[in-house]
Every structure is written in C-alpha cells, then in structure tokens.
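First up is the structure itself, then whatever we jot down about it.
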Amino acid sequence: MRIRKLLIIIVALLAAYGILVAVAELPPYGMADNPVHNHVSERYINKALDETGVTNMVTAIVLDYRAYDTMFETIVLFTAALAVVITLKVSKRKEKG
Amino acid sequence: MRDFILKRVAVIILPLMSIYGFYVILHGHVSPGGSFAGGIIVGLSFITYSTVYGLERGKVKLPERILTLVESYGTLWYGIMGIVGILKGAPFLSNKLAGFNLGEPGSLTSGGLISLLGIGVGIRVASTIITLFYAMGEEES
Amino acid sequence: MHFTSADYWIMVLLLTLVIASLSMLFIKDLLHAVIVFGVYSLIMALIWLLMNTPDLAITEAAAGICTTVLMMAVIFRTSRKEE
Amino acid sequence: MKTLLGKLVINYPYLFAVVLFIIGTIIVLTRDNLFKKLIGINIMESAIFIVFIAAGNIRGGAVPILDGGRADTVYINPLPSALMLTGIVVSVSVTAFALALIIRLYKSYGTTSARRIAEMRNEVLKHDSSHQS
C-alpha cells in the first residue's frame, strides 16, 4: 500500500511537470492584446446594452445570449435534486416494509 | 438545538438574510450578483431556520409539498417565457425580437425578459437547496 | 511586465489556497476538513473579487457555504473519523 | 527571463492552478475516505475555474458592468465568468448527488472507507459464487 502511494505521488509530480511546461507557453497573464479578447467579447461589450437593455454583461450573456445554456443548467439542478430525493427516500421505504 | 441565544439571534438575522437574497435576485441585471447567488442565499436563510428551531418546525413552516410544486413550476416558467417568443413570431427565448419592453438602462424594470427569467430561476434554486437540505438533514429515517 | 499590488495580493491568497489544500491531506478529523473547505471557498471568493469578477465572487461565496452546510449535515449522519 | 521559471512567474495564476489540480488528484487517489475524495474533486474543479477566470482577466481592467459615458474603459472578457457561473452550479449538483450516494453506502456497509467497502463487496461476491457452484 505504501509503494502504491509513493508511485501515485511520483506519477502526479511527473504529470505536474508536463502540464507546467505546457502552461508556460500560454500568452502572458493580464495583457489586453491576448488572443482570448477577440471579436466575440468585443461584440458582447459593445452591443449588450442595445440588444438586451441591461448594464451587467454577465447577466446579459447568461440569461439572454446563452439562455438555452441556463435552461439546461436548471434542468441539471432539477435532476440532481430528483436523484438525491429518489436515492434517499427509496431506502427509507425499503427499511420500513 | 435548544439554545436561547441562537434563537434570539436567528430571529433578528433571518428576515435580513431573506430580504438580502431577494434584493440580489431582483437587482441581478444592474449590479453584481444574479439569480443563482440570490436563490442560494434565500435557501440558506430557511436552512438556518430549520437548523436552529429543528427540522420538524421547518417542515411545518415550509412543507415539502409546496417545495415540490415551486421546483416543478419554476422549471416550467422558463419554458413558458420562451414560448411567448414563439407566439409573437420570433425564435424561442428571444428578448428584444419578441417585443419585450427593454426599459431605461440601469433601472429596476429594465431588461424585459431577463428580469422575469431571473426571478423564476432564483426561486427554483432556493427551493432546490431547501429540498437538498431536507433530504440530507433528516436525523434517522 | 510589472506587477501591481493586486497581483501580490492574489499571489498571497493563492498561496493560502495551496496551504489549505495541502492541510486537507493530513487532517484526520473529517469535521475539521470540512471547516477548512469552507475557508477555502471563502478565500476563493476573495480571489475572484480581485480578478474583477464580482458576480462569480458572490456566487462562489454562497455556493461554498451551501456545500459546506450539506457536507456537515451528512457528516453528522455518518461517522466523523477518517479510518 | 526566458527560462521555464521566468515564464511561470509571469503566468502565476496558471502555476498555482496546476499545483492545486495536482494536490486534488493526489487527495483523490491516495485517501481512502469518500469525503476526502469528494473534497479532492472540488479542489480540482476550482483549479479549472481559476484557469478560465485568469485567462479572461486584464490587468487594470474594469468590471464588466457598464458605467455610462466613459468611452476609454477597458472591460475584461465577460464570457469566461458567464461560463464558470454554469460550472459552479454544476459542481454544487455533483457534490449533492455524491453526498446522497455516500449516505446510501454508509447505510448499507456501515463505513465511509472506499477500501473497506470494496473488501466487503469482494467477500460477498466470493460467497455468492461458491454458493452457486
């Protein structure tokens, strides 16, 4: 068991080195001309007020531009609550009967 | 839990927590925050009530039957608000194309569909959190 | 490349996160581990406030407390010791 | 500053996120207790969140809430924070369902240690197979 834990830690550290070498080649953090800030975010920043009428852009994206996403996200939460209630209530009924 | 100080403090704090949660839900489109955070805060206020006063009194105050109804119709509310767009001849879940009044930016009534959807999502997140706590907090089944 | 003061604060908070998650490896009492996890999500909310996303900060603070409360409720139903 | 360490100091949020991810992986893989595994999964998720939010941040930028007339404001990218808002809610759902499964396993086996649960299952399976033959 001890050898297994040691092996896991060694493999994890090797993986960490690999990921760090990859991460170091990302564009520098916090610069305004990174490739992340492309035309998509420019459109959201410039047009959000005209097209949705709200000042908070994150809410505009979550509830207007990507409203389908939020709809299925609420369904995910609903399914989680359903699964929890089913998992716990079925066992109770079995113990009673 | 039968502590005197906890009960008195809870009486003072609980209404403020609920009001703050509804404030975060209603102001989600003009300030930081949003329906998810507000819904979780409203749910946590009821969780505090049923932690301090016992789960039985919490269930008397907010029965599981009402929670189930709110949860189901909160999910349905989202779909109904989307179908309004189809009835007006626009795509599903469309806001400006469906003719909602966008209002003056920065005011509480701005955003049209967005604030309506936010209220629905917030209330159903709150009921989901309370349902999860009721299901997990039961002492002995 | 020059760092502002917000950068140094983010570094300190991220270092605290690493220490908290390392302590998760060695704590034997599960209740203490869950309390450390609550502190972890609170520090994470502070980091997101410093990274200019206050929406995410409020949501993370609320969701972290919610997760902590649920975990505590389950720990009181099951065993507290890590075997 | 072209060495690996120099580049990592410039990209310090990614560095800490990788460290957190690896620590979460080690917790998940080496601890027997199911609660510890759940906490490790949560740590890994938060490391992913840090990577996304740091990618969308601009040093000295403004919060993505419009403030009226000023035209020269540099807003940060609002898209990663909207995506991670979804991620947080999914992580809460996953945690809740995992907790329900932990309660169920504790009722059946009387322990929250993954290794002992596996041992008990092996015994039961061995007993069943010998009984059938």
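Order of the sequence lines fixes the chain letters, A, B, ..., with proteins taken first and strands second; residue numbering starts at 1 for each chain.
- When heavy atoms are compared at a cutoff of 4.5 Å, Leu25(C) approaches chain D by way of both its backbone and its side chain.
- Considering only heavy atoms from C-beta on, Leu13(C) stays 4.5 Å or farther from Phe16(D) through its side chain.
- Heavy-atom contacts from other residues, nucleotides or ligands closer than 6.0 Å to OH of Tyr12(D) number more than 12.
- Residue with the most contacts toward chain C among Gly61(D), Gly60(D), Gly56(D), Ser113(D): Gly61(D) (heavy-atom pairs, distance under 4.5 Å).
- Residue contact with chain C, scored on non-hydrogen atoms closer than 4.5 Å, involves the backbone of Ile58(D) exclusively.
- No side-chain heavy atom of Ile39(D) sits less than 4.5 Å from a side-chain heavy atom of Val36(C).
- Taking each heavy atom of Ser81(D) and Thr53(C) in turn, the nearest pair found is CB-CG2, 3.8 Å.
- Heavy atoms closer than 4.5 Å to chain C are found in both the backbone and the side chain of Ile27(D).
- Of the atoms belonging to Met51(C), heavy atoms from both backbone and side chain fall under 4.5 Å from chain D.
- Residues Met71(C) and Phe35(D) approach most closely at O-CE2, 4.1 Å, considering heavy atoms.
- Separation of atoms CG (Leu34(D)) and OG1 (Thr78(C)) is listed at 9.5 Å; rounding is to 0.5 Å.
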Walk me through whether Tyr106(D) and Val74(C) qualify under side chain to side chain contact (heavy atoms under 4.5 Å, CB included).
CA-CA 10 Å; Tyr106(D) 186 78; Val74(C) 176; over 6 Å; no
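- Minimum interatomic distance between Ser21(C) and Leu20(D) (heavy atoms only, all atoms of both residues): OG-CD2, 3.4 Å.
- In this structure, chain C has a heavy atom under 4.5 Å from the side chain of Val19(D), while its backbone stays farther away.
- Separation of atoms CZ (Arg59(D)) and CG (Asp7(C)) is listed at 4.0 Å; rounding is to 0.5 Å.
- In this structure, Trp48(C) and Phe49(D) have tilted ring planes: the angle between them lies in the 30° to 60° band.
- Proximity of Leu30(C) to Lys36(D): side-chain heavy atoms (C-beta onward) are separated by under 4.5 Å at one or more points.
- Options Thr4(C), Ile75(C), Val34(C) differ in how many heavy-atom pairs under 4.5 Å they form with chain D, and the most are formed by Ile75(C).
- Contact tally against chain D (heavy-atom pairs below 4.5 Å) for Leu70(C), Val18(C), Thr59(C), Leu15(C): the top residue is Val18(C).
- Using a 4.5 Å cut-off between heavy atoms, Ser91(D) makes no contact with chain C at all.
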Could you walk me through whether Ile53(D) and Leu56(C) pass side chain to side chain contact (heavy atoms under 4.5 Å, CB included), step by step?
CA-CA 9 Å; Ile53(D) 294 302; Leu56(C) 216 52; 3.3 Å; yes
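- Of the inter-residue distances, the one linking Met84(D) atom CE with Glu60(C) atom CD reads 12.0 Å to the nearest 0.5 angstrom.
- Interface residue Ile88(D): only side-chain heavy atoms are found under 4.5 Å from chain C.
- Taking both residues in full, the closest heavy atoms of Asn33(D) and Lys81(C) are given as ND2-O, 4.1 Å, listed atom of the first, atom of the second, then distance.
- In this structure, the portion of Ile76(D) lying under 4.5 Å from any heavy atom of chain C is its side chain and not its backbone.
- Using a 4.5 Å cut-off between heavy atoms, Ile47(C) makes no contact with chain D at all.
- Atom CD1 in Ile58(C) sits 10.5 Å away from atom CG in Leu85(D) (nearest 0.5 Å).
- No part of Pro78(D) comes within reach of chain C, as not one of its non-hydrogen atoms sits under 4.5 angstrom from that chain.
- One distance of note links CG of Leu99(D) with CE of Met72(C); it measures 12.5 Å at 0.5 Å rounding.
- Residue Ser46(D) touches chain C through both its backbone and its side chain, counting heavy-atom pairs closer than 4.5 Å.
- At a 4.5 Å heavy-atom cutoff, the contact between Ala54(D) and chain C is made by backbone and side-chain atoms alike.
- Arg116(D) touches chain C through its side chain: at least one heavy atom from C-beta onward sits under 4.5 Å away, while N, CA, C and O do not.
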